[in-house]
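First the structure, in the form of structure tokens, and then the observations on it.
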Amino acid sequence: MQLQEKIKNEVIKVFKDEFNYKCSINDISIDQTPKNFSGFYTLILFPHLKSLKINLEEAGNIIGDSLIRNSEIISDYNLVKGFLNFDLKSDYLIGELSKFSSEYKSDFKKNKREIIVEFSSPNTNKPLHLGHLRNIFLGDSVSKIYKSLGYKVHKVQIINDRGIHICKSMVAWKRYGNDKSPDTEKVKGDKFVGDYYVKFEFEHKKEVFDLVKKGVSEVDAVKKSSLMKEAKSLLRKWERGDKEIIKLWKKMNGWVYDGFNSTYRSINVSFDKNYYESETYLLGKKNIEEGILKKIFYKEEDSSVWIDLSKENFDKKLLLRSDGTSVYMTQDIGTAIKRFEDFPKSEKQIYTVGNEQDYHFKVLFKILDKLGYSWAKECYHLSYGMIDLPDGKMKSREGKVVDADELISVMKDTAQKRSIELGKIDDFDGEDLTKLYQKIALSALKYHLLKVDPKKKMLFNPDESIDFQGNTGPFLLYTYARIRSIIKRAEILNIEYGKINFSIIKHISVNEKKIIDLLVNYKYILETAAESYSPSIICNYVYDLSKSYNSFYQEEKIFDGKNNETTSFKIALSDITSKVIKSLLNLLGIDITNKM
RNA sequence: GGUUCCGUAGCUCAACUGGAUAGAGCAACUGCCUUCUAAGCAGUAGGUUGAAGGUUCGAGUCCUUCCGGAAUCACCA
């Protein structure tokens with residue numbers, strides 16, 4: 001983007017020198033030239049025609065000629081209607097590349113800023129599914145993007161480990177479990193517990209059905225079934241701290257955590273701190289009291305506590321029930337405050353939570369703001385769209401979900417199958433192959449979920465496998481591996497490429513210009529991705545870069561036998577491209593491989 | 001019903017926030033491996049951007065109305 005700013009400044013000067021027309025940088029628009037026109041950047045003339053007082057063609061030629069004479073960036077131009085397309089000077093780009101190659105890492109040193117990022121945040125009554133994966137990859141990637149810009153990032157999740165849903169699993173296990181465990185059944189712990197949750201729902205439905213047949217209304221039947229009564233009784237016992245129940249609760253949650261941790265490990269994601277709802281669900285009450293004293297909240301006659309946000313275009317919101325117990329909002333207020341106590345230097349918190357809770361977070365941030373927390377205005381709800389299946393929403397209660405572990409396992413199988421088909425596995429031994437399949441599978445899955453704008457809902461069809469060709473993770477891995485193979489060959493041939501002085505190169509190809517133009521945008525892209533909390537921007541960028549490199553690779557021979565400075569330059573350009581691809585993939589949580 | 005979001009090639013997604021002839025990938029069809037990895041490259045075909053108006057030099061993007069879809073509006077979590 002720097003480059004566009006520079007061109008704008010040059011254009012301003014031309015306007016002034018040639019036409020005595022003064023305008024500010026905001027009046028000028030320089031766009032990237034669309035692919036079917038030649039050039040890199042385009043000045044749009046229409047808005048200036050009145051001020052320039054001559055016709056389009058004349059104006060375009062005068063501006064273009066003047067820039068060719070005076071610009072340090074622009075080497076040539078062509079005029080199509082009101083669009084003045086610029087070509088870029090080789091030596092300018094080479095200079096930029098040279099600067100970039102020595103600086104691109106060191107630019108992002110620690111900046112002492114800190115943030116908190118929440119993501120994943122599962123319930124302990126069911127295994128992770130595809131929706132969680134979108135959440136996790138998003139949160140993890142945004143964390144990495146901020147980290148790469150020098151922030152200290154605290155990755156946290158809140159585990160919803162208490163409540164009626166966990167009690168349901170407990171009831172079912174007590175009734176039907178016969179003391180089985182994940183170990184005895186050789187089942188992953190989260191799956192094991194999740195199955196009892198489903199069992200509960202199934203038996204409960206049967207019971208309700210029987211009750212309704214006996215003439216009980218459906219609403220009553222749901223409440224009156226023996227299973228539901230027992231679940232509620234367990235919840236009360238849990239809240240009283242009943243030792244038996246707590247023991248069972250700990251045992252079953254322990255199984256679930258083993259399962260979650262195994263999934264997290266398999267997708268290479270970790271957290272700096274876990275919060276458990278069982279420890280935070282009472283937080284916030286104190287803050288509500290303070291809010292009442294400050295007259296931000298008010299008490300109804302039945303002693304329930306509310307906030308009236310109708311002036312801010314929200315509704316009234318309940319904060320404490322009439323019996324004094326807290327609601328979701330209460331806990332979130334308390335937890336937010338606790339997090340900033342735990343990480344006091346943080347300037348903001350990013351919540352990775354689905355867009356079904358858009359309203360909730362708007363209200364939460366508003367309340368925190370009213371309570372006087374300065375960071376409240378900086379907090380951000382990283383809201384993402386749901387993943388729909390071809391026949392509608394995923395519904396965990398009905399078992400209509402795409403299970404995370406299963407999906408990963410299918411992806412690995414596909415990676416293996418494809419690799420064997422393509423005859424890619426000859427140079428590997430067994431253990432390396434397992435790692436390779438893992439990397440390819442995860443690259444495909446992560447990239448598939450991250451390349452879509454987070455805000456948008458996406459469709460997932462389990463019958464169509466995720467692609468490995470085209471705009472995909474494996475394509476990016478492949479491009480990287482290809483380049484590393486070039487570098488390896490350069491080293492074998494003993495061709496120097498790291499220390500060459502770029503300035504001896506006088507002319508470079510369009511392919512090379514495209515690559516450099518993309519490379520030097522690196523920092524701008526990172527900042528844009530961070531500002532918009534959008535890994536999809538990184539995806540688009542790394543795809544463009546890889547695509548441009550592959551065209552270059554295909555059309556221009558690197559090892560042409562001459563082994564002169566041009567060869568060295570091409571290798572150096574390849575080397576730095578691969579390094580940038582690697583760090584971009586790293587931001588997406590994707591591990592590279594040197595060969596595939 | 002109120003509020004918010006969405007609708008782009010057969011399918012999955014882009015479009016630098018108002019710029020050109022709306023781009024990629026998949027699927028289909030053509031070429032390119034005796035030379036750096038063909039998970040690649042080059043090309044063909046595919047569109048009234050849900051519909052109709054409006055704003056202006058210029059609209060997928062902004063405004064209005066309609067059609068279709070989703071979310072949310074609980075003393076549920």
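When reading the values below, keep in mind they use all heavy atoms of this one structure, side chains included, and skip hydrogens, waters and symmetry mates. Naming convention: chains lettered A, B, ... in sequence-line order (proteins, then strands); numbering from 1 in each chain.
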| task | Report which part of the nucleic acid A:S304 touches: base, sugar-phosphate, or nothing (heavy-atom distance under 4.0 Å, all strands). | result | base
| said: As a test of reading the structure: which of B:G25, B:G69, B:C11 is closest to the side chain of A:E464, going by heavy atoms? | reply: B:C11
| request: Answer yes or no: does a side-chain N or O of A:K35 lie under 4.0 Å from OP1 or OP2 of B:A24? | output: no
| field | Nucleotide-resolved protein contact map, nucleotides 56-61 of chain B, B/S/- at heavy-atom distance under 4.0 Å | value | -B----
| Integer angstrom distance from the C1' of B:C33 to that of B:A45 | 26 Å
| Pair A:Y553, A:N511: side-chain N/O donor-acceptor within cut-off below 3.5 Å | no
| field | Aromatic-base stack, A:Y328 on B:A77, cutoff 5.5 Å, angle under 30 | value | yes
| request: Return yes if a side-chain donor-acceptor contact under 3.5 Å exists between A:S24 and A:N26, otherwise no. | output: no
| note | Side-chain contact check for A:R321: nearest option of B:C13, B:A20, B:A77 is B:A77
| request: Determine whether the side chains of A:S169 and A:N125 contain a donor N or O and an acceptor N or O closer than 3.5 Å. | output: no
| If you look at every strand shown and take non-hydrogen atoms under 4.0 Å, does A:V80 touch a base, only sugar-phosphate, or nothing? | base
| Close approaches to RNA chain B from residues 480-495 of chain A, in residue order (heavy atom, under 4.0 Å) | A:A481, A:R482, A:S485, A:I486, A:R489
| query | With respect to the phosphate group of B:G19, does any side-chain polar atom (N or O) of A:K81 fall under 4.0 Å of OP1 or OP2? | reply | no
| query | Does B:A20 have A:F83 stacked on its base, where the ring centres are within less than 5.5 Å and the planes differ by under 30°? | reply | yes
| What residues form a ring pair (Phe, Tyr, Trp, His ring centres under 6.0 Å) with A:Y281, not counting sequence neighbours? | A:W238
| note | chi for B:C16 classified (syn = within 90 degrees of 0, anti otherwise) as anti
| query | So does A:E57 have more than 12 non-hydrogen atoms from other groups sitting under 6.0 Å from CD? | reply | no
| field | Side-chain donor-acceptor contact under 3.5 Å, A:Y328 with A:H360 | value | no
| task | May I ask you to say what A:D544 touches in the nucleic acid, namely base, sugar-phosphate or nothing, with a heavy-atom cut-off under 4.0 Å? | result | nothing
| said: Using a distance-only criterion (donor-acceptor N/O pair, under 3.5 Å, no hydrogens), is the base of B:A20 paired with the side chain of A:T42? | reply: yes
| message | Whether A:S551 contacts B:A42 is assessed here as follows: a side-chain N or O lying under 4.0 Å from the phosphate OP1 or OP2. Is that the case? | response | yes
| A:E421: partners by salt bridge (charged side-chain N to carboxylate O under 4.0 Å, His left out), with sequence neighbours left out | A:R418
| request: Please state whether the base of B:U37 and the side chain of A:K424 form at least one donor-acceptor pair under 3.5 Å? | output: yes
| With sequence neighbours excluded, residues passing ring pair (Phe, Tyr, Trp, His ring centres under 6.0 Å) with A:H448 | none
| query | Which nucleotide, B:G19, B:C11, B:A20, lies nearest any side-chain atom of A:T33? | reply | B:A20
| field | A:K456 side-chain N/O to B:A70 phosphate OP1/OP2 under 4.0 Å | value | no
| task | Can you tell me which stems RNA chain B forms, taking runs of 3 or more consecutive Watson-Crick or G-U pairs with both distances under 3.5 Å? | result | B:1-7 with B:67-73, B:10-13 with B:23-26, B:28-32 with B:40-44, B:50-54 with B:62-66
| Can you tell me how far C1' in B:U12 sits from the matching atom in B:A51, rounded to whole Å? | 25 Å
| N-glycosidic conformation, B:U17 - syn within 90 degrees of 0, else anti | syn
| Do you see a donor-acceptor pair shorter than 3.5 Å between the side chains of A:Y478 and A:Q469? | no
| said: So, does A:Q469 get its side chain near the phosphate of B:G40, meaning an N or O under 4.0 Å from OP1 or OP2? | reply: yes
| request: Would you indicate whether A:K582, at its atom NZ, is surrounded by more than 12 heavy atoms from other residues, nucleotides or ligands within a distance under 6.0 Å? | output: no
| field | A:M596, nearest nucleotide to its side chain (from B:G25, B:A39, B:G19) | value | B:A39
| request: State whether the number of non-hydrogen atoms from other residues, nucleotides or ligands found under 6.0 Å of A:K455 atom NZ is greater than 12. | output: no
| message | With hydrogens left out and only the distance checked, is there a donor-acceptor pair under 3.5 Å joining A:D315's side chain and the base of B:A74? | response | no
| message | What's the closest nucleotide to the side chain of A:F468 if the choices are B:C11, B:G25, B:A39? | response | B:A39
| said: Pair A:F361, A:Y380 - check ring pair (Phe, Tyr, Trp, His ring centres under 6.0 Å), show working. | reply: CA-CA 8 Å; A:F361 279 99; A:Y380 183 77; over 10 Å; no
| Which part of the nucleic acid, if any, lies within contact of A:F37, taking any heavy atom under 4.0 Å across all strands shown: a base, the sugar-phosphate backbone alone, or nothing? | base
| Do A:D323 and A:T325 have side-chain N/O donor and acceptor atoms under 3.5 Å apart? | yes
| request: Identify whether any heavy atom of A:M386 sits under 4.0 Å from a base atom; if not, whether one sits that close to sugar-phosphate; answer base, sugar-phosphate or nothing. | output: nothing
| message | So for A:S419 and B:A39, does any side-chain atom that can act as donor or acceptor lie under 3.5 Å from a complementary atom in the base? | response | yes
| query | Base, sugar-phosphate, or nothing for A:K595, non-hydrogen atoms under 4.0 angstrom? | reply | base
| message | Treating A:D161 as the side-chain partner and A:S278 as the backbone partner, does any N or O pair qualify as donor plus acceptor under 3.5 Å? | response | yes
| request: Using a heavy-atom cut-off of under 4.0 Å over every strand shown, decide if A:K455 touches base, sugar-phosphate, or nothing. | output: nothing
